[in-house]
There are 2 protein chains.
Amino acid sequence: MSGLASNLYIGLVHHPVYDKRREVVATAITNFDIHDIARCARTFGAGGFFIITPLESQIQLADRILRHWEEGVGSTYNPTRKESLSLVRVSRSIDEADREISELWQTKAKRIATGASSHPKSIDFGFLKKLLKEENTPFLILFGTGWGLTQEVKDSSDYVLAPIAGKGYNHLPVRSAVAIILDRLLGDRTS
Amino acid sequence: MSGLASNLYIGLVHHPVYDKRREVVATAITNFDIHDIARCARTFGAGGFFIITPLESQIQLADRILRHWEEGVGSTYNPTRKESLSLVRVSRSIDEADREISELWQTKAKRIATGASSHPKSIDFGFLKKLLKEENTPFLILFGTGWGLTQEVKDSSDYVLAPIAGKGYNHLPVRSAVAIILDRLLGDRTS
């Protein structure tokens, strides 16, 4: 564990999430999600970034993308992309990502769910920022693709983060939500 | 001008920007940029979002994307996308976008350049936030695609915004930079 890296880990969840009709599905991996979130994770010093999908074809796709930029022709074409992607791992489930982090830290990770609506156990950004600084445990913050994390994932998390308050419109792409939330939690706001 | 809309307008510049070799080029439009930035603009109540490109083929591409989601089958498939895209305009140059805003407000717009490095006339986020609130004039904040806005665009702007400080890595995608900067300038940080 690098002294610079934060105890905050990102999980991009492709299952279980809702689709448009609120049915539980596994979504497809989006190339832009991987690169944008990896660059944000690297910028703000997140501990790591887990792409979470149970689908074998999607796991292979993610591996292929990562290998292209880390070892293939992409690694010399775009070295800043290689640098950010070194933070990325692929996991088959939220539990698998959680186990990997917990083993690394030798202590149970705490889970934070995010979403566009509030939840009975919502905590605000200031509270979470304080928790991250004070507690010497890893945190796994979960972002849902598609139409968001299932109720069950929210209910079973240790915390649910308050939504980003928009002006009467709460339909941010997951990529933008991750950027904003990492900046609020880890960004240097003195400048 | 809606009472809710901010006096801050976004310009996504495809020319003049640098490429990898620091040559001045016109970059291609990226579909994800349009949707992500439009949704961020709508979330934080920006006055509008200008896609700036001098290339006729790119202007037609942008128009086609906008029409698909605003009038075509996309408008019923995904109405929140339609709502965000109503903020989007296409302009042939920074000057053309500037003129459109200045005419609407009947007063000269002020230009703010952004980028990953600091500039002799850099201002910080707190200062710009205060300016936006106090001055009853429109502001056009410019984001460079490719390898960023040219030196000339920065030098000729009224202000240059301080870069987003990363932990030794300053290679955010333009989509992520817009999300973070809009949140810092217009977001509701009380929650």
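Here is the naming used below: chain letters follow the sequence lines, and residue numbers restart at 1 for every chain. Bear in mind that the values here come from a model prediction, so they are computed numbers and not experimental data.
In this structure, the side chain to side chain donor-acceptor pair (under 3.5 Å) partners of B:Tyr169, at least two apart in sequence or on a different chain, are A:Arg39.
The CZ atom of B:Arg81 sits 12.0 Å away from the NE2 atom of A:His171 when rounded to the nearest 0.5 Å. Rounding to the nearest 0.5 angstrom, the gap separating the CD1 atom in A:Ile180 from the SG atom in B:Cys40 is 5.0 Å.
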Counting only pairs under 3.5 Å, give me each side-chain donor-acceptor contact of residues 138-151 of chain A, with atom names and distances, residues two or more places apart or in other chains.
| residue | atom | partner | partner atom | Å |
| --- | --- | --- | --- | --- |
| A:Thr145 | OG1 | A:Val13 | O | 2.9 |
| A:Thr145 | OG1 | A:Thr27 | OG1 | 2.7 |
| A:Thr150 | OG1 | A:Val153 | N | 3.3 |
| A:Gln151 | NE2 | A:Asp155 | OD1 | 3.3 |

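Residue B:Ile164 touches chain A through its side chain alone, counting heavy-atom pairs closer than 4.5 Å. Contacts of B:Arg175 with chain A are made by side-chain atoms alone, with heavy-atom separations under 4.5 Å and no backbone atom involved.
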Show your reasoning for whether side chain to side chain contact (heavy atoms under 4.5 Å, CB included) applies to B:Thr30 and A:Phe32. CA-CA 11 Å; B:Thr30 302; A:Phe32 275 82; 3.7 Å; yes
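Heavy atoms from other residues, nucleotides or ligands lying under 6.0 Å from CG of A:Asn136 number 12 at most. No more than 12 heavy atoms of other residues, nucleotides or ligands sit less than 6.0 Å from atom NZ of B:Lys130. Remark: B:Glu152 CD is loosely packed, at most 12 non-hydrogen atoms of other residues, nucleotides or ligands lying under 6.0 Å away. Within a 6.0 Å radius of NZ in A:Lys108, more than 12 heavy atoms belonging to other residues, nucleotides or ligands are found.
With chain B as partner, the option from A:Leu182, A:Asn170, A:Thr80 having the largest number of non-hydrogen pairs under 4.5 angstrom is A:Thr80.
Between A:Asp183 and B:Arg184 the shortest heavy-atom distance is OD1-NH2, 2.6 Å. Shortest non-hydrogen contact noted between B:Arg42 and A:Lys167 is NH1-O, 3.5 Å.
Here the side chain of A:Lys20 pairs a donor or acceptor atom with the backbone of B:Tyr77 at under 3.5 angstrom.
In the hydrophobic cluster analysis, where Ile, Leu, Val, Met, Phe, Trp and Tyr join through side-chain heavy atoms closer than 4.5 angstrom, A:Leu55 is grouped apart from A:Phe50.
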